[in-house]
S.K.: 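Before anything else, here's the structure in question.
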Amino acid sequence: NKIVALLQLAEVRLNDCHVRDLLAEESLQVSAETVRVVRRSLGIPPKRRRRPPRHHRRREREAQRGAMVLIDGSPFHWFGPDQPQHTLVGTLDDASGDPLSLCFRPAEDLHGFVTVLGDLLTTHGVPCVLYGDRTGIAHRNDRYWSIEEELAGRQQPTQFGQMLEELGIRYIAARSPEAKGRIERHWQTLQDRLTAEFALHGIKTSEAAAPFLPRFLERYRGWFGHAPRDPAGAWQPAPKHLERILSCRYPRTVGRDNTVSIPGCRIQIPPGP
């Protein structure tokens with residue numbers, strides 16, 4: 001009866017494994033195949049049709065937590081098709097498959113990347129490698145070289161790239177969505193389960209979702225997380241003054257009136273040497 005009630009919810013669709021996990025939290029142990037049999041008997045089609053398998057070369061997971069962390073953003077109607085689209089920015093540990101941090105933004109931007117990076121550093125530590133796509137937030141995609149860059153033999157990194165350099169984190173830019181398929185599958189799971197959980201709890205805004213996300217991530221780790229091959233983590237301790245490191249830097253010239261200007265703001269420098 002519980003399976004039928006969850007499958008026949010009018011306001012939200014749940015997949016078979018999600019129904020199994022929700023019932024397990026109520027100490028009702030059923031298999032996904034049992035749910036599938038009940039769903040078929042009710043004449044309800046699957047929430048997501050299965051694609052035929054394709055051959056891919058699997059990349060071996062890292063052995064230690066913190067050796068590689070995947071970062072990405074996913075634009076989607078997270079709060080229902082009648083609500084505005086938001087982008088969920090997050091990080092995922094490659095070794096264990098554990099989601100490490102999440103935040104909602106109107107679009108994929110520098111602020112979202114810095115927010116999830118700051119949560120990651122504060123909660124877990126500094127990873128060795130950050131793996132993402134070729135977004136202009138983290139990777140220079142232009143062909144412009146200044147004279148200073150030509151003399152130095154390298155392009156100046158983006159604002160986010162400067163933060164990673166100071167933290168000692170190497171950034172790897174994937175050349176295709178398939179190359180970062182692990183976090184792409186993570187987004188598919190979240191688009192399925194997280195949207196359903198928001199509908200079950202009546203969450204319609206990013207402000208209401210913020211306190212719900214940490215509890216959901218704990219359950220998510222219980223569903224999909226697994227122990228890495230090497231239990232010793234590769235995290236490094238986070239440095240002090242993270243607010244200074246996780247900030248944008250702009251070259252400016254001090255005016256004759258001892259002021260420094262940035263767009264929309266003028267700062268007076270006090271007397272001194």
S.K.: Is a donor from one side chain sitting under 3.5 angstrom from an acceptor on the other, for Asn141 and His139?
M.R.: yes

S.K.: Taking the side chain as C-beta and beyond, is there a heavy-atom pair between Lys2 and Glu26 under 4.5 Å?
M.R.: yes

S.K.: I would like to know whether Gln268 and Asn258 meet side chain to side chain contact (heavy atoms under 4.5 Å, CB included); could you show each step before the answer?
M.R.: CA-CA 6 Å; Gln268 179 71 56; Asn258 289 312; 3.7 Å; yes

S.K.: Would you indicate whether the side-chain heavy atoms of His18 and Lys47 approach each other to under 4.5 Å?
M.R.: no

S.K.: For the CZ atom on Arg154, are there more than 12 heavy atoms of other groups (residues, nucleotides or ligands in this structure) within a distance under 6.0 Å?
M.R.: yes

S.K.: Say you draw a straight line from NE2 of His241 to CD of Glu166; how long is it, rounded to the nearest 0.5 Å?
M.R.: 10.5 Å

S.K.: Within the supplied structure, the quantity of interest is the number of heavy atoms (other residues, nucleotides, ligands) at a distance under 6.0 Å from Ile147 CD1; does it exceed 12?
M.R.: no

S.K.: Is the backbone N or O of Gly73 less than 3.5 Å from a side-chain atom of Thr87, with the two atoms forming a donor-acceptor pair by type?
M.R.: no

S.K.: Any side-chain heavy atom of Arg36 within less than 4.5 Å of one from Glu33?
M.R.: yes

S.K.: Only one of Thr122, Asp119, Thr91 clears side chain to side chain donor-acceptor pair (under 3.5 Å) with Ser101; which?
M.R.: Thr91

S.K.: Above 12 or not: heavy atoms from other molecules or residues under 6.0 Å from CZ of Arg170?
M.R.: no

S.K.: Tell me whether Arg215 contacts the main-chain N or O of Pro211 through its side chain, where contact means a donor paired with an acceptor under 3.5 Å.
M.R.: yes

S.K.: Which heavy atom of Pro228 sits nearest to which heavy atom of Ala95, and what is that distance?
M.R.: CB-CB, 3.9 Å

S.K.: Do you know the tightest heavy-atom contact between Thr195 and Phe76?
M.R.: CG2-CE2, 3.5 Å

S.K.: Kindly give the heavy-atom pair with the smallest separation between Pro263 and Arg252, and that separation in Å.
M.R.: CD-NH2, 3.7 Å

S.K.: Side-chain heavy atoms under 4.5 Å apart, restricted to Ile/Leu/Val/Met/Phe/Trp/Tyr: what other residues fall into the cluster of Leu28, or is it alone?
M.R.: Ile3, Val4, Leu6, Leu7, Leu9, Val12, Leu14, Val19, Leu22, Leu23, Val30, Val35, Val38, Leu42, Ile44, Leu200

S.K.: Is there a side-chain contact between Asp133 and Ile71 (heavy atoms, below 4.5 Å)?
M.R.: no

S.K.: Say whether Ile183 and Tyr131 are linked into one hydrophobic cluster, either directly or through other cluster members, by side-chain heavy-atom distances under 4.5 angstrom.
M.R.: yes

S.K.: What's the verdict on side chain to side chain contact (heavy atoms under 4.5 Å, CB included) for Asp21 and Arg219, showing C-alpha distance, side-chain angles and the deciding distance?
M.R.: CA-CA 9 Å; Asp21 293 336; Arg219 298 163 58 204; over 6 Å; no

S.K.: Please find the pair of heavy atoms, one from Gly112 and one from Arg105, that lie closest to each other, and give the distance.
M.R.: CA-CG, 3.7 Å

S.K.: Of all the heavy-atom pairs spanning Met68 and Asp93, show the shortest one and how long it is.
M.R.: O-OD1, 3.7 Å

S.K.: Considering only Ile, Leu, Val, Met, Phe, Trp and Tyr, and joining two whenever side-chain heavy atoms are under 4.5 Å apart, list the other residues clustered with Val37.
M.R.: none

S.K.: Determine, step by step, whether Leu194 and Phe212 satisfy the side chain to side chain contact (heavy atoms under 4.5 Å, CB included) criterion, reporting the C-alpha distance in whole Å, the side-chain angles of both residues, the deciding distance to 0.1 Å, and the verdict.
M.R.: CA-CA 10 Å; Leu194 187 57; Phe212 177 80; 4.2 Å; yes

S.K.: Is any side-chain heavy atom of Arg20 closer than 4.5 Å to a side-chain heavy atom of Ser31?
M.R.: no

S.K.: Does the ring centre of Phe104 sit less than 6.0 Å away from the ring centre of Phe79?
M.R.: yes

S.K.: Is any side-chain heavy atom of Gln191 less than 4.5 Å from a side-chain heavy atom of Ser74?
M.R.: yes

S.K.: Quick one: pull up CG in Leu164 and CG in Leu117 and give me the separation to the nearest 0.5 Å.
M.R.: 6.5 Å

S.K.: Rounded to the nearest 0.5 Å, how far does CD of Gln236 lie from CG of Leu167?
M.R.: 11.5 Å

S.K.: Hey, are the side chains of Leu130 and Leu70 touching, using non-hydrogen atoms and a 4.5 Å cut-off?
M.R.: no

S.K.: Would Leu120 and Val126 count as a side chain to side chain contact (heavy atoms under 4.5 Å, CB included) here? Give the steps.
M.R.: CA-CA 8 Å; Leu120 169 70; Val126 180; over 6 Å; no

S.K.: Which word best sums up how the rings of Phe160 and Phe113 line up, parallel for under 30°, tilted for 30 to 60°, or perpendicular for over 60°?
M.R.: perpendicular

S.K.: Do any N or O atoms from the side chain of Arg249 and from the backbone of Ser247 form a donor-acceptor pair under 3.5 angstrom?
M.R.: yes

S.K.: With Gln155, which residues qualify under side-chain contact (heavy atoms from CB on, under 4.5 Å), at least two apart?
M.R.: Arg140, Asp142, Trp145, Glu149

S.K.: Report the relative orientation of the aromatic rings in His186 and Tyr220; use parallel for angles under 30°, tilted for 30 to 60°, perpendicular for over 60°.
M.R.: perpendicular

S.K.: Heavy-atom distance under 4.5 Å between the side chains of Leu121 and Pro127, does that happen here?
M.R.: yes

S.K.: Measure the acute angle between the ring planes of Trp78 and Trp187, then classify it against the limits of 30° and 60° as parallel, tilted or perpendicular.
M.R.: perpendicular

S.K.: So which atom in Arg134 and which in Ala174 form the shortest heavy-atom distance, rounded to 0.1 Å?
M.R.: CG-O, 3.1 Å

S.K.: Going only through I, L, V, M, F, W and Y residues with side-chain contacts under 4.5 Å, is there a path from Val114 to Leu88?
M.R.: no

S.K.: Whether the side chain of Gln162 engages the backbone of Ile245 through a donor-acceptor N/O pair (distance < 3.5 Å, no angle test) should be reported.
M.R.: no

